[in-house]
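Read through the structure below, which is laid out as C-alpha cells, and then see the notes.
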Amino acid sequence: MGKKLSGKDLIKLGFPKNNSINVTLGQINRYQKRVKKEKILIEAKKVLLNPEAYKGDGVWGKIAESLLDPVNVTKQKLNTHRAPFQIYGENEIDDQAKYQLFDALKLPISVAGALMPDAHVGYGLPIGGVLATKNAVIPYGVGVDIGCRMCLTIYPVKVSYLKGKKHQLENILLEHTKFGMYETHKIKHDDPIFERDEFKTIPLVKRLKDKAYKQLGTSGGGNHFVEFGVISILDINNEWDLPLGDYLGVLSHSGSRGLGANIAKRYTYLATKQCPLPKHVQHLAWLDLNTHDGQEYWLAMNLAGDYARACHDNIHKRISKLLGEKPIVKIDNHHNFAWKQEVNGEECIVHRKGATPAKKGELGIIPGSMTAPGFIVRGLGNTKSLQSASHGAGRVLSRRQCKTTLTQSAIKKELQNHDVSLIGGGIDEAPMAYKNIETVMKNQQELVEVIGKFTPKIVRMDR
DNA sequence: ATGTGC
C-alpha cells in the first residue's frame, strides 16, 4: 500500500537515471522483500554516497557496481567468421550439433572450440561441445547440471563376489542410494562443504543451503546411476601398480542436484538480460568475468562442482562401509564445467559441456551404457581438442524416440544377454539409446589412452 | 537435469 520501493524513491534519493535504478529494484525485490522501505532507503543512500565500500557485498555489491560503472546493455552481434575448431568422429555427429558449435564459434568472445565424438544437440552449446572464451563465462556453456561428474572406486575383491553376493549388492543399491526428484536420506549427513563462505555471501546460494543439505549424497534422475561392475586393468604401466586383471568396482554418475540447477537457472537469466544476442543463439549469453554477476557465477559454479564431488564421496564412502572394504583406487572427473586454462598462450575460460578433461596424464572416466563397457582413460593433452575427450557414448535415440520405438521386453533381453541386473531405469535410458562406445573410443584415440575397462553388472537408476 | 521465487 504505497510502501513498495519505486524508482522514483531512488531518484529522490539522488540515484542517477540509468540502469542502477533497475539493478537496485531487482536486488531489493529479490533479497530485501521483507525489509522495511525506510531501512532500505537509509542503506541505499549510504551505498550511493560510498559505493566503493559496498563492492563484493551479496546484495549491495551489484548496486555499487552499477553506480560506479553503469553498463550499457547493447545488442551483441555474431562475427561472420568462426574461431578455429576441431571435430572428432564427424561422421557420427548430426549436423544440428555442428551448427550449434559453429554459432558458438562466432561469438565475439570465442577463441577456439571442439566437438567430441559423442556430441549431440543441446541448449546453447551442444552436448560434447568444448568452447574457449576470453574473460567471459557462458552459463549454458557449462549446462544445467553444473559439476555433473563421474566417480569410480576399485576394491581388492574377487569378481566372483558379484555373483556370490549379488543379492546383498542389489540390496545396497536399493536401500542406500537415493534416486528421483524428492528421495533423500532418512539420516542427515554432514560435510565440510557446508562451512563454505559462499553459503553466506551469495544470497541465492544461501537460500539453497537447506536443500543442498537434504540432497547430499543423492543421485537425482535422468541418466544418473550408481553401479557395481567388473574393472579390468589393461595397462601394465597403470599409476597404481595394479597387476593386470579383474577387480570389483563401484561407478557413479551424478551432479549438483537442486543447488547447481538453481544456480544455472539464475545466472542464465541474468546473462540473457545483460547480453542480448540474436534469438537463435540467445542461450549462449555470457557473463563478463569482470562484473559482479560474472564473479558471483564463477564462485557459485565452483561451489556446485565441489558439492557434486561431495555427493559422490558420500555415496562411495557409504557403499565402501557396507562392503566392509577400503578402495585401493579412486578416479573422478567433472564433465559439465568451466576451467581457467591456457589456450594458444593466453588464459581462457574453457567450457566443457559433456566433455572429459584430458590434459597430458590426467585421468578420467568415460562411461558406455548399462550394458556397454566404460573406460578408465589417461589424457594425451591434445591441444586441438582443447585437451578434452568425450563424456560417454552419446545418444542416438532421443528420449521421445525411445518411448515410441523401444519395448520393455527388448530392453530386458538386452540386459539378459549381457548378464546385467537393473534396478529402476526408464525406457529412455535403454542401452540401445546410445552410440557404440567402441566406435566413439576409436574416434578419440588422439585424445586419450585406455588404462582399464568397466563392465556394469548391477545397475541402479531412477525410474 | 531439476521442480513450481527472477
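Note on naming: letters A, B, ... go to the chains in the order of the sequence lines (proteins, then strands), and numbering restarts at 1 for each one. Small disclaimer: the values here were computed from a predicted structure and weren't measured.
- Judged by the 6.0 Å distance and 45° axis criteria, A:Lys209 is positioned over the aromatic ring of A:Phe199.
- Along DNA chain B, the nucleotide nearest A:Ala261 and the nucleotide nearest A:Gly26 are compared for position; the residue whose nucleotide lies closer to the 5' end is A:Ala261.
- In this entry the distance linking CG of A:Asn29 with C1' of B:dG5 reads 10 Å, nearest Å.
- Nucleotide B:dT2 holds its C1' atom 19 Å from the OH atom of A:Tyr269, rounded to whole Å.
- Taking atom CD1 of A:Ile263 as the reference point, atom P of B:dG5 lies 17 Å away to the nearest angstrom.
- Side-chain atoms of A:Lys45 never come within 3.5 Å of backbone atoms of A:Ile40 as a donor-acceptor pair (strictly under, hydrogens ignored).
- The NZ atom of A:Lys265 sits 8 Å away from the C1' atom of B:dC6 (whole-angstrom rounding).
- For the pair A:Leu25 CG and B:dG5 P, the computed distance is 21 Å after rounding to whole Å.
- Put simply, the residue from A:His312, A:Glu227, A:Arg149, A:His335 that forms a side chain to side chain donor-acceptor pair (under 3.5 Å) with A:His253 is A:His335.
- Taking the six-membered ring for Trp and the full ring otherwise, A:Phe102 and A:Phe85 have centroids separated by under 6.0 Å.
- What separates CG of A:Leu204 from C1' of B:dC6 is a distance of 10 Å, to the nearest Å.
- Annotation: cation-pi geometry satisfied between A:Arg395 and A:Tyr434 (NZ/CZ under 6.0 angstrom from ring centroid, within 45° of ring axis).
- One finds a side-chain N or O of A:Arg257 lying less than 4.0 angstrom from the OP1 or OP2 phosphate oxygen of B:dT2.
- Residue pairs meeting the salt bridge (charged side-chain N to carboxylate O under 4.0 Å, His left out) criterion with at least one member in residues 111-127 of chain A: none, sequence neighbours excluded.
- Counting only heavy atoms from C-beta on, A:Tyr182 has its side chain closest to B:dT4 among B:dG5, B:dT4, B:dT2.
- As a whole-Å value, the separation of A:Ile202 CD1 from B:dG5 P is 21 Å.
- Although no hydrogens or angles enter the test, the distance criterion places a donor-acceptor pair under 3.5 Å between the side chain of A:Asn336 and the main chain of A:Asp145.
- Nucleotide B:dT4 holds its C1' atom 10 Å from the NZ atom of A:Lys211, rounded to whole Å.
- Nearer to the 5' terminus of DNA chain B, by closest-nucleotide assignment, is the contact made by A:Gly180 (compared with the other of A:Gly180 and A:Arg266).
- Interface residues of residues 116-123 of chain A facing DNA chain B, ordered by number: none; criterion, heavy-atom separation under 4.0 Å.
- Among the protein residues, A:Gln215 comes within range of the sugar-phosphate backbone only, with heavy atoms under 4.0 Å from sugar or phosphate atoms but none that close to a base.
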